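Notes to accompany the following structure.
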Amino acid sequence: MSHPQFAAELLQRAEKKGPITIGLAGAGQMGTDIVVQVALMPGMRIGAISEVRPQAAIDAALLAGHDRSDIVQAPNAAAIDRAIEAGKIAVTEDLHALAAAGRIDVIIDATGNPNIGTLFALEVMKNGKHIVMLNVEADITIGRFLKEEARKAGVVYTGAAGDEPACTLEIIGFAKSLGFTIVAAGKGKNNPLKFDAVPADYEKEAAERNMNARMLVEFVDGSKTAIEMVAIANATGLVPDVPGMHGPTATLEELASVLCPREDGGVLHRKGVVDYSIGKGVAPGVFCIIETKHPRVLERMIDLKVGKGPYFTIFRPYHLTSLEVPLSAARAVVYKRADMEPLDHPVAEAVAVAKTNLGTGQSLGMIGENDYRGFAMTWEGARAKGALPLGLAERAKVVKPVKAGDFLTYENCVPDDSMVITQIRRRLDQSDGRFVTNAA
């Protein structure tokens, strides 16, 4: 949560040291929002944008109100630095140049690709810069490794404000600091849930919403919800109560009486879980179900109309996605603090479940395409099944037929070893002494 004085602090810092200078990787939907929002914020500026389609970066800067003459192409780090010193925005096609530019304080990764994001984050940190990852897919796969690399480099590695995980963490932190017991935390699901959704059926809606159909399907088929809830789990120690979570149709009013223990009329087998609701009035918000046992506090909470007790819903009715992201960049620079980072050991895993029958020899597509969807479960549960982490499914090869609805496992799939994310994850699993390997 930003301190009320934060805007003033940013302005003071800008007067002393110049504005916080952000480097942005990716100028898609999220990246464009960030460029526009930063232009409206005190004490901050976009110094450079890396984008394989330079015109997209130029368009984003123009939309944000920058003059065309202030947007310059920069082939290398030195050119980026010269542009920033001259008060201009540099556009580059080279992620390496962005990572190496000396005039940039912090970098936001909005590329959306787990493997590219991982390579890029490592390079940014080696260059002594803080990194804000919009790349939750990479974070849930190898976040603890990236956090450790940041620690070694003396920089901040953080998840992004505005996305549901960081927004949920904000209210979990608030509730914990008041000493409440956390019973459940999560989000309302924004899009209708359809496990077998494929991009071909969503081209029209995606175009109307100015989105990519694959990205839209990643939301509709439940993958993004699984990814986000696992990110919250691995930052807090809360776990999915059952494989796939409950996902009840609980309205905002009903949440505290549904996402609570079974002995009290709810659905949970235990306290301390992540889950989501598809009920009315919860999306686009995030929630935390808390418990208090003290009669005085109970009386006060009921009196304040928070709920009926003994379980109460703490609720934030919005998350501003990309518009809030620059706050994480600013806090990394000013306070040297992460808004969200994984624990040293994960407690949950997003794994891949087949959407359709998969045949031997097939090479798998991306998250949100036709082959598989994300599914949240406990870390131990995933290990016991030998389930393939969702972040390693892209470009994996099917070695035994998989039926629709079955888990992708290390037995029926081989992840692509040429990807650095696969190599890092394998080392992490080996160091845990729990790695399930192929016969090969």
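Since the model is a prediction, treat every value here as computed from it, not as a measurement.
- Using a 4.0 Å cut-off between charged nitrogen and carboxylate oxygen, D221 and K355 count as a salt-bridge pair.
- For the residue pair D94 and T92, no side-chain donor N or O sits within less than 3.5 Å of a side-chain acceptor on the partner.
- Side-chain atoms of T422 and D416 include no donor-acceptor pair closer than 3.5 Å.
- A salt bridge is absent between K194 and D201; no separation between the charged side-chain nitrogens and carboxylate oxygens falls under 4.0 Å.
- For the 3.5 Å distance criterion, the side chains of T21 and R45 qualify, holding a donor opposite an acceptor.
- The pair K224-E228 does not meet the salt-bridge criterion, since no charged nitrogen lies less than 4.0 angstrom from a carboxylate oxygen.
- Between F407 and F375, the ring planes are perpendicular. Angles over 60° get that label, and only those under 30° would be called parallel.
- In summary, R151 and E148 engage in a salt bridge, as defined by a charged side-chain N under 4.0 Å from a carboxylate O.
- For the pair E324 and R316, the salt-bridge criterion is met [side-chain N within less than 4.0 Å of a carboxylate O].
- Side-chain polar atoms of H130 and D105 form no donor-acceptor pair below 3.5 angstrom.
- Side-chain atoms of D241 and H269 form a donor-acceptor pair, as typed in the model, at a separation below 3.5 Å.
- No hydrogens or angles considered: nothing links the side chains of D33 and Q37 as a donor-acceptor pair under 3.5 Å.
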